[in-house]
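Okay, so here's the structure we're looking at.
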Amino acid sequence: MDRQRQEAALEAVLFTMGESVEVKRLAEIIEETPKKTAEILEGMKTAWEIEGRGVALISLEDSWQMCTRPELYEYLVKIAKTPRKYTLSDTLLETLSIVAYKQPVTRLDVERIRGVNCDHAINRLVEFELVMEVGRLDAPGRPLLFGTTEQFLRTFGVSSLEELPELSAVQVAEFKEQAEEEVSRQLE
């Protein structure tokens, strides 16, 4: 393995691991001695500093780790403090309401209530970390059961599901009417 390939392999491994890796293990990966591997890593560390890259290599006893350069920390704080922005359409809100009030619930149960396919809506809610798989129903096919997450509680400002408002018969009728309108739009 040539030097460029060794450096690329070390970079890939350290990036993927996200934590320190012993020089001995890194040496095995690139088929070198630990001493030669440490020399390669020192060279990479120096080159990255000269290039002003956003990441750096640090040595921790007999291990190495890839990390963000300390002087760039302020940029990480900015992105970490930016809340995830997502928009909950009426369809997503209706689906989320059904999951919240009927959980644990299967995808088919949600579809029966809404009267339309809910694959996309449930997948988006899982992606937004508002809904998660909570198990499987003990029935033929063992369908997935869905429930709300802690992120759901945080997003809607409640500390438990018991704090959710009661659904009135009028609200249930409105949900059904909106779902029927959605079905008719899809059929057009």
Side-chain angles (χ1 to χ4, degrees), residues 11-21 54-56 58 60 65-188:
E11 184 175 348
V13 168
L14 291 172
F15 173 79
T16 302
M17 294 302 291
E19 56 188 35
S20 65
V21 180
V55 292
I58 59 170
L60 307 164
Q65 182 172 351
M66 183 185 290
C67 61
T68 306
R69 283 191 10 225
E71 61 268 24
L72 299 175
Y73 180 72
E74 67 183 277
Y75 299 105
L76 296 177
V77 171
K78 286 180 184 178
I79 194 75
K81 284 188 175 181
T82 305
R84 284 177 77 182
K85 293 181 181 173
Y86 49 79
T87 303
L88 294 177
S89 65
D90 289 345
T91 300
L92 292 180
L93 282 172
E94 290 169 12
T95 304
L96 181 57
S97 296
I98 292 166
V99 173
Y101 283 97
K102 299 283 188 182
Q103 65 186 302
V105 64
T106 66
R107 197 177 300 256
L108 184 59
D109 292 334
V110 175
E111 290 174 359
R112 280 189 190 127
I113 294 168
R114 292 204 62 240
V116 294
N117 184 299
C118 295
D119 288 346
H120 176 73
I122 290 177
N123 290 340
R124 293 293 288 171
L125 292 170
V126 169
E127 182 183 321
F128 294 153
E129 298 177 2
L130 297 172
V131 169
M132 67 180 183
E133 297 173 7
V134 295
R136 291 192 174 271
L137 185 63
D138 191 17
R142 307 231 341 117
L144 290 171
L145 290 168
F146 294 93
T148 55
T149 63
E150 283 185 10
Q151 181 62 35
F152 166 81
L153 298 175
R154 280 191 291 277
T155 299
F156 292 94
V158 293
S159 58
S160 73
L161 295 173
E162 286 76 38
E163 290 183 25
L164 291 176
E166 294 279 326
L167 278 181
S168 69
V170 172
Q171 289 170 314
V172 172
E174 285 176 4
F175 282 157
K176 186 173 176 97
E177 184 180 316
Q178 289 170 354
E180 288 170 358
E181 287 174 15
E182 187 178 329
V183 168
S184 66
R185 280 195 306 268
Q186 288 178 353
L187 295 175
E188 292 175 353

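- Counting heavy atoms from C-beta outward, L161 and Q103 have side chains that approach closer than 4.5 Å.
- With sequence neighbours excluded, the residues that form a ring-ring contact (aromatic ring centres under 6.0 Å, His included) with F156 are F152.
- At least one side-chain heavy atom of N117 sits under 4.5 Å from a side-chain heavy atom of E111.
- Counting all heavy atoms, side chain and backbone alike, A56 lies closest to R69 at CB-CG, 3.9 Å.
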Could you go step by step and tell me if R112 and D109 meet the side chain to side chain contact (heavy atoms under 4.5 Å, CB included) rule? CA-CA 5 Å; R112 280 189 190 127; D109 292 334; 3.4 Å; yes

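- Here OG of S97 is found 12.0 Å from NZ of K102. Values are rounded to the nearest 0.5 Å.
- Of all heavy-atom pairs spanning Q151 and F128, the tightest one is CG-O, 4.2 Å.
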For the pair N123 and R107, evaluate side chain to side chain contact (heavy atoms under 4.5 Å, CB included) and give the outcome as yes or no after the intermediate values. CA-CA 10 Å; N123 290 340; R107 197 177 300 256; 3.6 Å; yes

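- Side-chain atoms of R114 and T91, non-hydrogen and from C-beta on, do get closer than 4.5 Å to each other.
- At a cut-off of 3.5 Å, with distance as the only test, a side-chain donor of E162 or S160 sits close to an acceptor on the other residue.
- A distance of 12.5 Å separates CE in M66 from CE in M17, rounded to the nearest 0.5 Å.
- Taken from CD1 in I98 to CG in L93, the straight-line distance is 11.0 Å, to the nearest 0.5 Å.
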Could you go through T68 and Y75, starting from their C-alpha distance and side-chain angles, then the distance that decides it, and tell me whether this counts as side chain to side chain contact (heavy atoms under 4.5 Å, CB included)? CA-CA 10 Å; T68 306; Y75 299 105; over 6 Å; no

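- R142 approaches R136 most closely through the heavy-atom pair O-NH1, 2.6 Å.
- Side-chain atoms of E133 and F146, non-hydrogen and from C-beta on, do get closer than 4.5 Å to each other.
- Taking all atoms of both residues into account, the shortest heavy-atom contact from A121 to T95 is CB-OG1, 3.5 Å.
- Nearest approach of G147 to V134, heavy atoms of both residues: N-CG1, 3.8 Å.
- Within the 4.5 Å cutoff, no side-chain heavy atoms of L144 are placed close to those of T106.
- In this structure, L130 CG and T149 OG1 are separated by 5.5 Å, a value rounded to the nearest 0.5 Å.
- Interatomic distance, E129 CD to T148 OG1, rounded to the nearest 0.5 Å: 13.5 Å.
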Please evaluate residues L88 and L125 with respect to the criterion side chain to side chain contact (heavy atoms under 4.5 Å, CB included), reporting the C-alpha separation (whole Å), side-chain torsions for both, the decisive distance (0.1 Å), and the verdict. CA-CA 9 Å; L88 294 177; L125 292 170; 4.2 Å; yes

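- With a 6.0 Å radius and a threshold of 12 heavy atoms from other residues, nucleotides or ligands, E163 has its CD atom above the threshold.
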